[in-house]
Amino acid sequence: MPVVCPGSFDPITLGHVDVIERTAACFDEVIVGVAQNSAKNHLFTPQERVELAKAALAHLPGVKVEALTGLLVDFCVAHGARILVKGVRGAGDFEYETDMAQWNRSLKDIETLLLPTAPEWSYLSSTKVREVATLGGDVREYVPAVVAERIVAKLALVASPGKEPSDG
Ligand code: PNS
């Protein structure tokens, strides 16, 4: 039976990769659900986030990446999964994730396992990666190489929407 690792992944970070690698070491089949969160103003489109997550997780044979639309519990049922795995960085995440876990168990009896993130990534978030990159900082230490390249290209495109990054 597969387990699901859901998230917005805008973009996928080395913290996410660590949690998914450790989940894949515990479960044979892992489905990464890349969600469209209407409350968030995304940098990357859903398709781009799926593509980047696939590239970042290509070394893990038991891991599949799919777009998640609608309710997470329905995504789980559609994929024959009863368990969600989520990384928690600290008390703030724990409170948020406990609330979500109770909703998901109440809606469709989906259980949530919380995995503490590696201490070196306890401060890492996609939000901060986007902020640092937007302000011209180097994010190569925090994201897979493919993401670091794409974020620079994406920000150049956002800054000059009429130009392709290769236009010079
Ligand atoms: O990485 P994030 O942004 O913290 O992930 C949040 C996510 C995608 C797991 C959450 O927004 C979600 O479950 N979205 C799917 C829609 C849904 O089921 N919402 C009701 C949850 S009670």
Side-chain angles (χ1 to χ4, degrees), residues 1-24 26-27 29-57 60 63-134 139 141-144 146-148 150-151 154 158:
M1 187 186 282
V3 299
V4 170
C5 288
S8 304
F9 303 107
D10 186 36
I12 190 165
T13 68
L14 292 180
H16 293 127
V17 173
D18 175 65
V19 166
I20 295 162
E21 281 175 348
R22 287 162 57 210
T23 302
C26 299
F27 297 96
E29 219 185 318
V30 179
I31 302 171
V32 174
V34 178
Q36 177 71 37
N37 188 341
S38 51
K40 291 191 178 177
N41 194 7
H42 291 296
L43 174 63
F44 289 103
T45 66
Q47 294 86 339
E48 287 170 331
R49 287 182 277 125
V50 166
E51 197 187 306
L52 288 172
K54 279 186 178 167
L57 301 168
L60 298 170
V63 175
K64 279 198 293 189
V65 178
E66 296 198 14
L68 188 175
T69 51
L71 281 177
L72 175 55
V73 289
D74 290 335
F75 179 87
C76 290
V77 170
H79 290 85
R82 275 210 59 230
I83 296 175
L84 293 166
V85 179
K86 298 233 43 199
V88 283
R89 289 166 295 194
D93 278 358
F94 185 79
E95 207 167 314
Y96 173 78
E97 295 300 345
T98 303
D99 182 72
M100 295 280 274
Q102 281 160 352
W103 268 104
N104 290 327
R105 186 152 176 264
S106 170
L107 287 168
K108 290 263 164 94
D109 205 19
I110 302 295
E111 294 287 7
T112 301
L113 304 181
L114 299 180
L115 191 60
T117 55
E120 62 267 38
W121 302 130
S122 62
Y123 61 95
L124 182 54
S125 69
S126 299
T127 306
K128 285 287 189 287
V129 165
R130 290 197 305 274
E131 183 176 346
V132 169
T134 303
V139 294
E141 202 180 317
Y142 312 107
V143 294
V146 62
V147 173
R150 285 289 290 277
I151 204 164
K154 183 76 178 184
V158 170

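Remember, it's 1-based here, ligands and their atoms both numbered in the order they're listed. Note that these values count all heavy atoms, side chains included, but never hydrogens, waters or copies made by symmetry.
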Exercise. Of all the atoms in ligand 1, which lie at a distance below 4.0 Å from a heavy atom belonging to Gly70?
Worked result: 15 (C), 16 (C)
Exercise. Of the options Val50, Thr69, Asp10, which is the one that meets Val34 in a side chain to side chain contact (heavy atoms under 4.5 Å, CB included)?
Worked result: Val50
Problem set entry | Heavy-atom donor-acceptor pair, Thr134 side chain to Arg130 backbone, under 3.5 Å | yes
Problem set entry | From the candidates Gln102, His16, Met100, the one that places a heavy atom nearest atom 7 (C) of ligand 1 | Met100
Exercise. Atoms of ligand 1 less than 4.0 Å from Trp103 heavy atoms?
Worked result: 22 (S)
Problem set entry | Close N or O approach (Leu72, ligand 1; < 3.5 Å) | yes
Problem set entry | Numbered atoms of ligand 1 (with element) below 4.0 Å of Lys86, judged on heavy atoms | 5 (O), 9 (C)
Exercise. Within a reach of under 6.0 Å around CD of Glu95, are more than 12 heavy atoms found that belong to other residues, nucleotides or ligands?
Worked result: no
Exercise. How does Ser8 reach ligand 1, if at all, at less than 4.0 Å between non-hydrogen atoms: by side chain, backbone, both, or neither?
Worked result: both
For this session: Measure the spacing between CG of Leu68 and CZ of Phe75 and express it to the nearest 0.5 Å.
Result: 5.0 Å
Exercise. With atoms numbered from 1 as shown, which atoms in ligand 1 lie under 4.0 angstrom from a non-hydrogen atom of Ala35?
Worked result: 8 (C)
For this session: Return yes if some donor-acceptor pair links the side-chain N/O of Arg105 with the main-chain N/O of Thr112 below 3.5 Å, else return no.
Result: no
Exercise. Judged by atom type as modelled, is there a donor-acceptor pair below 3.5 Å linking the side chain of Arg49 to the main-chain atoms of Gln36?
Worked result: no
